[in-house]
Each structure stands twice: as C-alpha cells, then as structure tokens.
Amino acid sequence: MPEGHSIHRYARLHRRTFAGHRLRVSSPQGRFSEGASDLDGRVLETVDATGKHLFYRWGGGRTLHVHLGLFGRFTTFDANPPEPTAGTRLAFRSSEATLYLAGPTICDLIDPAEEAAIRDRLGPDPLAGDSPDRLVQALARRRIGIGAALLDQRVMAGIGNVYRAEFLFLVGIHPDVPAREVPHDDTRLLWDLAVAHMRRGERSGRIVTVDPGELGARRRSDLAAHERLYVYHREGEPCRRCGTEITRHELAGRAVWWCPRCQPAP
DNA sequence: GCTGCATGATGAA
DNA sequence: TCATCCTGCAGCA
C-alpha cells in the first residue's frame with residue numbers, strides 16, 4: 001500500500017481526524033511503550049509528510065516519526081474500535097476516533113537534528129511542490145539503471161515499485177537504461193507524470209495509471225489491480241498499447257515489469 | 001495450520 | 001548481493 005501518495009493521504013486524513021485533539025496514546029504491543037506514555041494526554045497539533053515519511057507534531061515539541069515500510073498499515077475506527085491485534089504498535093484515541101498502527105519499519109520520537117538528517121537524505125517529492133531540478137541533477141550523476149535509480153529515495157522521494165514500473169512505461173523507457181543517459185526532456189516528463197498521477201492517487205487512495213479512455217465504461221472502483229495498471233504485476237499479459245507480452249525481471253531484489261516493445265532495451 | 005508473498009529500507013560482506 | 005527487520009492475509013492442506 002504505502003507509496004508516497006498513500007503517505008500524504010494519511011497525513012491529510014489523520015490531520016483532519018485527530019489534529020487539535022488531546023489524545024490517549026498507547027502501545028498495545030508494547031514495543032513503543034515509552035514513546036506512547038510520553039505522548040499520552042498531549043495535543044496532536046499537526047501531521048505532515050515528506051516522501052514516505054510521516055511526522056506527527058505534538059504539544060511539548062514532540063515529533064513522532066513513522067515510516068510504514070513494506071508491511072506497515074493504519075486502520076481507523078469511528079467508534080467502538082475492535083481489540084487491537086497482537087501487532088498493534090501504536091494506538092491513538094480521541095473522543096470520536098481511534099487509529100491503530102501495525103507493522104511499521106519506524107515508529108519513534110525524534111528531535112530536530114534527527115528530522116533534519118532524515119530530510120537531508122530525501123530527494124524532491126512530487127507531492128511537496130518541489131522542483132524537478134534536483135531530480136535532473138541526481139540522474140545525471142548515476143550510471144545505474146533508471147529503474148534502480150527511481151527506487152532510491154535520494155533521487156526522488158515517494159516513488160515505490162508500482163509507480164516506478166508505471167512511469168517508466170508511460171515515458172517509454174526501459175528500466176535498464178542508464179540513469180544519466182535519460183534525456184532531460186524525458187526526465188521532465190517523468191516528473192510531470194509523477195506530480196499528476198501521485199496527486200490523483202493522494203485524492204483517490206489508489207493507483208490508477210491507465211488512461212480513462214482505455215478503461216471503458218467500468219467504474220474505477222470496480223477495477224482489480226491488474227486492470228488499473230499498464231505493466232505492474234502483468235507479466236505474460238498483452239501490453240495495452242501494442243499487444244506484446246509484458247516482461248518481469250528481478251532488479252536489486254525487487255521485481256520490475258515492462259513492455260519490451262514500448263520500452264526497448266538499451 | 002502452514003507457506004509465500006507484498007506498493008520498503010538498511011547494514012554487512 | 002545477501003540477510004534482516006517489520007505484519008497480515010490469501011491460498012492452500
């Protein structure tokens with residue numbers, strides 16, 4: 001679930017639901033007990049996101065840093081929440097809503113220096129109104145494939161495995177093309193696609209890259225994952241544009257998909 | 001009940 | 001490149 005669009009969406013939803021409220025905070029699982037007791041009874045002032053990182057800002061100058069990693073998930077309940085699962089690291093509760101967090105890679109209180117260090121490691125975020133200049137510069141410096149470069153959060157913050165595959169298809173670039181050989185115009189196009197698609201993903205909560213004209217009359221919400229995307233998880237299926245079989249390959253431990261005809265090998 | 005898999009990232013080798 | 005950490009759930013028996 002969690003690519004940058006989901007993270008920014010969580011920031012917005014959690015801000016709307018919990019900001020301005022004095023919260024009861026606990027760690028049912030026990031692995032965030034100290035932090036939870038520090039936060040318990042404080043007011044959550046605001047929530048913001050950069051790339052895939054969430055920052056919850058509390059009265060008393062506390063900042064909670066959350067990174068969902070691959071498995072992390074939030075669940076929210078209006079009232080009468082069920083018992084938390086054994087893996088529930090963090091629970092917030094206002095008088096009207098409850099939030100559970102399970103499986104995050106990171107859930108820690110941090111100080112301003114630690115936050116600065118996190119931000120220093122992040123490239124431009126398409127959802128933060130950043131300029132693509134740093135993306136252009138970062139790609140120009142790398143000999144690794146563009147596919148590998150796009151998952152590096154120092155290159156571009158917030159892209160994950162789904163968007164990587166889809167954006168490369170939309171730009172028509174093979175993942176193995178060396179990053180520094182990608183024409184600047186294509187890099188700009190990649191950025192513009194990222195801004196447009198991730199904004200849409202932030203609003204809808206799902207990734208739909210297929211052009212509406214190609215979706216037919218079916219409602220987006222009815223579509224299965226492989227119907228909303230051009231290449232991700234579609235190995236062996238025909239390319240929507242040219243009919244060629246989509247290919248899958250392992251790249252630095254993560255799978256990547258592409259159309260061999262629309263995205264010719266370097 | 002067990003296995004495998006997932007939209008992530010790090011540190012060691 | 002590999003091992004490791006973080007959970008839940010679908011697909012099996």
Side-chain angles (χ1 to χ4, degrees), chain A residues 1-11 27-33 35 49-54 64-77 82-91 99-108 110 114 117-123 125-127 144-145 147-170 175-176 193-194 197-210 223-235 246 248-258:
Chain A
M1 328 233 163
E3 298 199 20
H5 69 296
S6 311
I7 303 307
H8 282 262
R9 179 180 174 85
Y10 284 131
S27 178
Q29 175 201 51
R31 292 183 52 181
F32 183 60
S33 296
T50 302
K52 297 174 189 168
H53 299 257
L54 282 159
L64 170 67
H65 174 216
V66 171
H67 191 295
L68 294 181
L70 192 52
F71 309 136
R73 61 206 300 153
F74 289 111
T75 41
T76 51
F77 304 92
E83 283 300 303
T85 61
T88 302
R89 182 89 55 95
L90 168 73
L99 174 73
Y100 291 153
L101 167 64
T105 287
I106 296 168
C107 173
D108 281 322
I110 56 170
E114 290 169 314
I118 292 161
R119 292 181 179 283
D120 283 349
R121 293 200 305 267
L122 296 175
D125 178 346
L127 289 177
I144 57 172
L150 288 185
L151 281 193
D152 183 339
Q153 301 296 301
R154 293 170 298 187
V155 168
M156 195 167 167
I159 301 292
N161 210 17
V162 178
Y163 279 131
R164 158 174 81 167
E166 296 298 301
F167 294 162
L168 288 177
F169 173 85
L170 289 168
D176 290 341
L193 285 167
H197 279 282
M198 292 176 77
R199 273 188 192 153
R200 189 182 304 170
E202 195 276 342
R203 269 182 261 122
S204 68
R206 52 192 344 195
I207 303 179
V208 181
T209 55
V210 171
L223 298 171
H226 67 280
E227 297 176 298
R228 311 189 309 252
L229 306 169
Y230 284 107
V231 292
Y232 180 81
H233 260 305
R234 292 193 68 236
E235 66 268 28
I246 301 300
R248 171 197 151 122
H249 199 66
E250 230 30 62
L251 180 61
R254 309 291 301 281
V256 64
W257 292 261
W258 72 91

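Sequence lines set the chain letters: A, B, ... in the order given, protein chains first and strands last, and positions in each chain run from 1. Here the structure is a predicted model, which is why all the values come from computation and not from measurement. Computed over heavy atoms, backbone and side chain alike; hydrogens, waters and symmetry mates excluded.
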- Item | Rounded distance (Å) that lies between atom C1' of B/dT7 and atom NE2 of A/His67 | 11 Å
- Within the distance-only criterion (no hydrogens, no angle test), does the side chain of A/Gln153 pair as donor or acceptor with the backbone N or O of A/Gly123 below 3.5 angstrom? no
- Task: Pick the P atom in B/dG1 and in C/dC6, then give their distance to the nearest Å.
- Result: 24 Å
- Message: So, does A/Arg254 get its side chain near the phosphate of B/dT7, meaning an N or O under 4.0 Å from OP1 or OP2?
- Response: yes
- Identified pairing partner of C/dC12, criterion: Watson-Crick or G-U wobble below 3.5 Å: B/dG1
- Message: Aromatic contact between A/Tyr100 and A/Phe74, with the criterion being ring centroids under 6.0 Å apart: yes or no?
- Response: no
- Message: Looking at A/Arg119, I want to see if its CZ is surrounded by more than 12 non-hydrogen atoms of other residues, nucleotides or ligands under 6.0 Å.
- Response: yes
- Message: When you measure from the side-chain N and O atoms of A/Gln153 to the phosphate of B/dA9, is any distance below 4.0 Å, counting only OP1 and OP2?
- Response: yes
- Taking only side-chain nitrogens and oxygens of A/Tyr232, does any of them come within less than 4.0 Å of OP1 or OP2 of B/dT7? yes
- Query: Hey, is the main chain of A/Arg89 close enough, under 3.5 Å, to the side chain of A/Ser27 for a donor-acceptor pair?
  - Reply: yes
- Message: Nearest whole Å is fine: how far is B/dC5 P from A/Asn161 CG?
- Response: 15 Å
- Parallel, tilted or perpendicular: which fits the ring planes of A/Tyr163 and A/His5, with parallel below 30° and perpendicular above 60°? perpendicular
- Message: What is the distance, to the nearest angstrom, from the NZ atom on A/Lys52 to the P atom on B/dT7?
- Response: 10 Å
- Is there side-chain contact between A/Asn161 and A/Tyr232, with at least one heavy-atom pair below 4.5 Å? yes
- Return the value, rounded to whole Å, for the distance between atom CG of A/Leu150 and atom C1' of B/dA9. 16 Å
- Item | Rounded distance in Å - CE (A/Met156) to P (B/dT7) | 18 Å
- Message: Just the rounded figure in Å: distance from P of B/dG8 to CG of A/Leu122.
- Response: 14 Å
- Message: In this structure, how many angstroms lie between the C1' atom of B/dA9 and the CD1 atom of A/Ile7, rounded?
- Response: 13 Å
- Item | Atom C1', compared across C/dG8 and B/dT10: separation rounded to whole Å | 22 Å
- For nucleotides 2-9 of chain C, 5' to 3', base contacts (B), sugar-phosphate-only contacts (S) and non-contacts (-) with protein non-hydrogen atoms under 4.0 Å give ----BBS-
- Item | Distance between P atoms of B/dC5 and C/dA3 (Å, rounded) | 16 Å
Under 3.5 Å, sequence neighbours excluded: what are the donor-acceptor pairs made by side chains of residues 249-256 of chain A?
unit_1	atom_1	unit_2	atom_2	d
A/Glu250	OE1	A/Arg248	NH2	3.0

- Query: In whole angstrom, what separates A/His53's NE2 from B/dG8's C1'?
  - Reply: 10 Å
